[in-house]
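Taking it in order: structure first as structure tokens, then the write-up.
Predicted model, so just to flag it, every value in this text is computed and none were measured. One is the number of the first residue; the rest follow in order along the sequence.
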Amino acid sequence: MSKNETPVHKATPSHAELSPLIPKRSRVKPLPIHQGIQNDIKNKILSNEWHPGDRVPTEQELMAVYQCSRMTVNKALSTLVAAGMIVRQRRKGSFVAMPRAEEPLLAIQDIRAEVLASDSMYSFSQLSRGIRTITDAVEAEHIGIPVNARMLCIDVMHFADNLPFALEARQINLAVVPEAAEEEFIEMPPGSWLLSNVPWSEGEHSLRAISADDVLARQLSVSPGTACISIARRTWLSGELITFVRLIYPGERHRFLVRFGPSPANMQRDTPSPD
């Protein structure tokens, strides 16, 4: 780094530091180029090969490395910006974002990134998988989909240092994300895969406290009756449901943080009205 450069940012990684875009699985079709670029950059960030504040190679440099168009590179970087992994500064470029030790409640949590940000080893296990057609009108209304919608249903256990961190029961709307039916989720859990590949326009969280019954206690390696946090989340794209997921965390292994301040709207609502 020269003396004239801002000290907080490190030098741009060289082309040699960028691994080649070679598919790692022969059983499935090769990843789209933009997704391969995303995964490559993600891996370098999550493995701490690139540190917070490091400058991300420019679009022109990435185009040269991956032999692709500017549009493809821009698509990959935009997804990483949306996921909070890199930040763009006008006239300066893109940089690795500062890690967030606690995920805000009003954001979409990437459990893998959350575990890695706590300096723990991350892994996951796919417990069950299947495609079902929702024929019950009450269930369809509860999920927010039309009757006879086809949903990919996946149960996943996430681990931090080999200790159960969160149990995930997810349904993905195949009318909106048909490619999910062919994805094996070997290298990346469903939630991280969706954040990397599917844009969303609206989300909803519902949070409550529950006590672990005998079955849940065994799954999470806690004592029966342990307090757990249950989050039900739905996300949409242009009014169509993408996914419905329920996440259950052992209470002592997770913490949510929401930072907020007063606003005119909040102050108005907090003001008692006359009888």
Side-chain angles (χ1 to χ4, degrees), residues 9-100 107-113 116 152 172-203 235-238 240 242-243:
H9 300 308
K10 301 181 182 179
T12 302
S14 66
H15 289 185
E17 292 176 276
L18 290 165
S19 61
L21 189 62
I22 301 175
K24 295 182 179 180
R25 288 177 282 155
S26 59
R27 291 181 297 165
V28 296
K29 60 184 179 181
L31 293 175
I33 295 177
H34 76 273
Q35 186 179 335
I37 298 172
Q38 290 169 216
N39 292 347
D40 198 13
I41 294 177
K42 268 188 176 183
N43 290 337
K44 293 183 183 301
I45 294 173
L46 296 178
S47 67
N48 289 321
E49 183 176 341
W50 292 0
H51 300 92
D54 279 357
R55 185 186 297 274
V56 175
T58 65
E59 291 187 356
Q60 289 84 354
E61 290 170 330
L62 292 172
M63 288 165 58
V65 170
Y66 294 103
Q67 295 296 295
C68 63
S69 68
R70 190 188 193 102
M71 182 180 298
T72 298
V73 168
N74 185 267
K75 184 175 182 180
L77 294 179
S78 296
T79 301
L80 292 168
V81 170
M85 300 195 74
I86 66 175
V87 294
R88 281 174 165 164
Q89 298 182 15
R90 189 175 181 183
R91 297 182 180 178
K92 292 184 179 181
S94 298
F95 301 88
V96 178
M98 298 300 295
R100 293 171 295 178
I108 302 295
Q109 294 90 14
D110 184 339
I111 296 177
R112 181 181 64 166
L116 292 171
L152 174 62
I172 301 174
N173 187 358
L174 294 179
V176 178
V177 195
E179 60 270 29
E182 304 299 325
E183 176 60 42
E184 296 184 5
F185 303 111
I186 294 175
E187 298 178 355
M188 189 182 297
S192 301
W193 183 87
L194 286 169
L195 285 172
S196 297
N197 294 279
V198 183
W200 58 281
S201 56
E202 185 180 359
T235 53
W236 293 268
L237 177 61
S238 302
E240 290 190 279
I242 299 171
T243 184

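- Note that CG of L194 is 5.5 Å distant from OG1 of T243, once rounded to the nearest 0.5 Å.
- Here the shortest heavy-atom pairing between S238 and S201 reads N-OG, 2.9 Å.
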Hey, mind stepping through L152 and V177 against side-chain contact (heavy atoms from CB on, under 4.5 Å) and telling me if it holds?
CA-CA 10 Å; L152 174 62; V177 195; over 6 Å; no

Determine whether R88 and S78 satisfy the following criterion, side-chain contact (heavy atoms from CB on, under 4.5 Å), listing intermediate values before the conclusion.
CA-CA 9 Å; R88 281 174 165 164; S78 296; 3.6 Å; yes

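- With sequence neighbours excluded, the residues forming a side-chain hydrogen bond (donor to acceptor under 3.5 Å, both in side chains) with S196 are K42, listed by chain and number.
- Note that the NZ atom of K75 and the CD1 atom of I33 stand 11.0 Å from one another [nearest 0.5 Å].
- No donor-acceptor distance shorter than 3.5 angstrom exists from the side chain of S192 to the backbone of D110, with no hydrogens or angles considered.
- For the atom pair W236 CH2 and E202 CD, the distance stands at 5.5 Å (nearest 0.5 Å).
- Between V96 and H51, the shortest heavy-atom contact is CB-O, 3.3 Å.
- Residues Y66 and H34 form no side-chain contact, since every pair of their non-hydrogen atoms from C-beta on lies 4.5 Å or further apart.
- Between W193 and E179, the closest heavy-atom pair is CH2-CG, 3.6 Å.
- Taking every heavy atom of both residues into account, E59 and L77 meet most closely at CG-CD1, 3.9 Å.
- Within the 3.5 Å criterion, the main-chain N or O of T58 finds a donor-acceptor partner in the side chain of E61.
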Might you work through the side-chain contact (heavy atoms from CB on, under 4.5 Å) test for V56 and L80, ending with a clear yes or no?
CA-CA 11 Å; V56 175; L80 292 168; over 6 Å; no

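- Annotation: the span from L237 atom CG to N173 atom CG amounts to 11.0 Å, rounded to 0.5 Å.
- Between W50 and I86, the closest side-chain pair of non-hydrogen atoms is not below 4.5 Å.
- The structure places CD1 of I45 at 9.0 Å from CG of D54, a figure rounded to the nearest 0.5 Å.
- L62 and P57 make their closest contact through CD1-O, 3.8 Å (heavy atoms, listed as atom of the first residue, atom of the second, distance).
- Here CG of N197 is found 7.5 Å from CG of N39. Values are rounded to the nearest 0.5 Å.
- A salt bridge is absent between R112 and E187: the closest approach of a Lys/Arg side-chain nitrogen to an acidic carboxylate oxygen does not fall below 4.0 angstrom.
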